[in-house]
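In what follows, a single structure is set out as structure tokens and then discussed.
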2 protein chains.
Amino acid sequence: MMTRPAIGTVAAEARVSIKTVSRVINNSDRVTAATREHVMGVIRRLGYSPSPNARRLAGHRSLLVGLPFDNPYASYVTDVQSGSLASFRAANYQVVMHACDSQSPVLADELRLFVHSVRVDGVLLTPPLSDSAAVIEMLDRDEIPFVRIAPSGRNDPTRSVFAGDRESAAAMTRDLATLGHRRIAFVIGHERDAGTAQRYMGYCDGLRLSKLSLDARWVVEGDGSFEAGIASGRKLLRMRKADRPTAIFASTDLMAAGVLHAAHELGVAVPTALSVAGFGDEPLASQVWPRLTTIRQPLQGLAQQAAAMLMAQLRRDSVPAPAVPVQSSLVIRQSTAVVASRC
Amino acid sequence: MMTRPAIGTVAAEARVSIKTVSRVINNSDRVTAATREHVMGVIRRLGYSPSPNARRLAGHRSLLVGLPFDNPYASYVTDVQSGSLASFRAANYQVVMHACDSQSPVLADELRLFVHSVRVDGVLLTPPLSDSAAVIEMLDRDEIPFVRIAPSGRNDPTRSVFAGDRESAAAMTRDLATLGHRRIAFVIGHERDAGTAQRYMGYCDGLRLSKLSLDARWVVEGDGSFEAGIASGRKLLRMRKADRPTAIFASTDLMAAGVLHAAHELGVAVPTALSVAGFGDEPLASQVWPRLTTIRQPLQGLAQQAAAMLMAQLRRDSVPAPAVPVQSSLVIRQSTAVVASRC
DNA sequence: CTGTTAGCGCGTTCAA
DNA sequence: TTGAACGCGCTAACAG
């Protein structure tokens, strides 16, 4: 088992200085095309690849980015992960996951410990972490670069990527109205969850655009979970017939699945007697019966955008520019239909 | 912003050599309790923590372990991740995820590239990767330490952790028989998926123990996916009444959810007219209607065990010892019940 | 555009 | 049990 060649070996073989080889492998433009070609040839011939460990030490960086998460949807986490992985890896960065509890009063301290012990060079913030003032403040104070995925506030645009939740929630609401629904209920998610506020506003927009009035009876509070969906569904479906909504729009797929559960329980047929819509298009959405009409969030695209922004920050080259919101789209499946009964 | 203290600062402050400080932070026993105490005091006072980057370079290791995965269940991946994270981190190791395609003909080469470019010190192999001969061979040849999670073969016990799939599948089958089911169908998973063979054998065991005979009509091949579950469900439920199974045991939760879908589609009531059981107890299992009876795999425990084994290998201290299989358990929910109709 | 000279912060060989 | 000096493989000034 022969030892792998180091940068010195390449330099000697190519009859150039170590620094030149360094410039070549770092894509510096202060090298003539000819020498670059030549050095690259030697590199290939020797099968050389630079030692990340040495680069870390000499470059004063870990080549690691942190991805803390507290998200009940496994698919959300894996989507962000796989969406960002490619961009990071292309820049020789690796992602380090970190499970945490966003409810914890010492969240920021706990994250600070993580960031400093692992010495990550930057951090990707997913909801609900992307909205934690304490975390943002801590990172800023410690000068750790970060990018926020789908925060609820629209300030800080050069360090955030957005998904246009409000617009798509409005579109879904209008779509339900178009199907003839006039009593469209909405199940709010957890206040800490990023999209929540935007989605609710979108629902209100949609009602207004459809000439329907907002009615507090049809707005219930959930917390994004499946169980909350069940509870909300029961509450809405047990209203007396004249008041009972003909459509329920839940601001997460998980809650929509819970609403379906409640409907089955109470013998309410979907979509015949009730339309149900979710948000997110997680795998679950197409694995329940009937398959959920929902909103597809281009999460992987969002994550990719976020990763690119973070890498740009770490390179300090390009000027920070706000990202364009990635567009979501409606996915119409079997859980929604035109209203059956007369009004 | 003051620069963080290095090992030299600590040594000077404690009036000992750098090497002594090094021994203290590495828990070497060649240090008297008194000096250790003293040095630890200085370390705490200065808020010193060793630079991972320097340790990486000097120690010829990356302090990184690879976790390649190709698994359709997001929750499986996140479970393994969170189960192993603590053990790894306690040893100052970080986990680097790597998405890959287990079907690819160049899987081993692709993984080899990953392992060498990231320079991971070890690898955790999840199903179906834990069964790939090509991958195992590659890692052995390149002398990369690894641990396999739930491989189908029982050889290589000092580098594997097991879940006892066979026993729990048998238990589930017997449980269904106890409920009075005599026509118990089984949906096989993907051959490449680790548990598959074991689970099928467990089904056969269970039948035998319940004095029921294996009948090829009631054994259908799926591939572990939701769609395969639908197809299998349709096939089984469209048999003529006398032959139709009264219980369907699918070897993954995803397929069981597909079977439920087929049942709803065909108007077969669950669990009244049909019992359905899954395997894995993923979140999905309790989010479908009705909630699935299934087998809970202590995945996090398995992953933790695997992580500990890998760290032991990397330390080269303890002698490699086989792990004790982690026990699974039946989770009885609403999708199974006693047979309703006469035989 | 290229080369020379110092480190980066720790582990490890020896000797004491 | 402790210490001194060297080296890990590369990047970063600066000089040419």
Side-chain angles (χ1 to χ4, degrees), chain A residues 2-40 42-43 46-64 91-92 116-119 121 314-316, chain B residues 2-40 42-43 46-64 91-92 116-119 121 314-316:
Chain A
M2 44 177 288
T3 170
R4 41 193 338 141
I7 195 171
T9 317
V10 176
E13 192 77 10
R15 320 186 119 266
V16 296
S17 79
I18 286 183
K19 183 61 203 175
T20 300
V21 179
S22 172
R23 289 200 174 98
V24 170
I25 62 182
N26 286 299
N27 295 312
S28 161
D29 48 356
R30 301 173 113 55
V31 168
T32 51
T35 41
R36 158 166 319 238
E37 282 297 301
H38 175 217
V39 173
M40 285 300 282
V42 175
I43 286 179
L46 264 45
Y48 166 78
S49 79
S51 153
N53 287 352
R55 302 181 115 173
R56 288 187 237 259
L57 182 58
H60 306 281
R61 39 185 204 168
S62 62
L63 297 177
L64 260 27
N92 290 310
H116 283 90
S117 64
V118 179
R119 305 274 226 280
D121 296 334
L314 293 182
R315 276 197 312 273
R316 303 157 183 289
Chain B
M2 44 176 287
T3 168
R4 44 194 333 143
I7 195 170
T9 316
V10 176
E13 192 77 10
R15 320 184 120 265
V16 295
S17 79
I18 288 183
K19 179 62 201 177
T20 302
V21 179
S22 171
R23 289 197 175 103
V24 170
I25 62 182
N26 286 299
N27 295 312
S28 161
D29 48 357
R30 300 174 116 54
V31 170
T32 51
T35 44
R36 159 169 317 244
E37 283 297 300
H38 176 218
V39 172
M40 285 300 283
V42 176
I43 287 178
L46 265 44
Y48 165 78
S49 78
S51 153
N53 287 352
R55 304 183 111 174
R56 288 186 238 259
L57 183 57
H60 306 281
R61 43 190 199 163
S62 62
L63 295 177
L64 260 28
N92 290 309
H116 283 90
S117 64
V118 179
R119 305 275 227 278
D121 296 333
L314 293 182
R315 276 199 311 275
R316 303 157 184 287

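So you know, we letter chains A, B, ... as the sequences are listed, proteins then strands, and number each from 1.
- In this structure the side chain of A/R119 reaches within 4.5 angstrom of the side chain of B/R4, judged on heavy atoms.
- In this structure, B/R36 atom CZ and D/dT2 atom P are separated by 10 Å, rounded to whole Å.
- Here the straight-line distance linking atom CG of B/L57 with atom OG of A/S51 works out to 6.0 Å at 0.5 Å rounding.
- The shortest side-chain heavy-atom distance between B/R56 and B/R61 does not fall under the 4.5 Å cut-off.
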Exercise. Evaluate side-chain hydrogen bond (donor to acceptor under 3.5 Å, both in side chains) for A/N53 paired with B/R55, printing each intermediate quantity in order.
Key: CA-CA 9 Å; A/N53 287 352; B/R55 304 183 111 174; over 6 Å; no

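- Interatomic distance, OG of A/S62 versus CG of B/L63, reported as 11.5 Å (0.5 Å rounding).
- Residue B/V16 comes nearest to B/V39 through the heavy atom pair CG2-CG2, 4.2 Å, listed as atom of the first residue, atom of the second, then distance.
- When distances are taken from the side chain of B/S51 to each of C/dC10, C/dG11, D/dC10, the shortest belongs to C/dC10.
- Rounding to the nearest 0.5 angstrom, the gap separating the OG1 atom in B/T20 from the CD1 atom in B/I7 is 9.5 Å.
- In the region residues 53-64 of chain B, proximity to DNA chain D at under 4.0 angstrom, judged on heavy atoms, holds for B/L57, B/A58, B/H60.
- Inspection of the B/S28 and B/R36 side chains reveals no N or O donor paired with an N or O acceptor under 3.5 Å.
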Every protein N/O lying under 3.5 Å from an N/O of nucleotides 1-3 of chain C:
unit_1, atom_1, unit_2, atom_2, d
C/dT2, OP1, A/T32, OG1, 3.3
C/dT2, OP2, A/T32, N, 3.1
C/dT2, OP2, A/T35, OG1, 3.3
C/dT2, O4, A/R23, NH2, 3.4
C/dG3, OP2, A/S17, N, 3.0
C/dG3, OP2, A/S17, OG, 3.2
C/dG3, OP2, A/T20, OG1, 2.6
C/dG3, O6, A/R23, NH2, 3.1

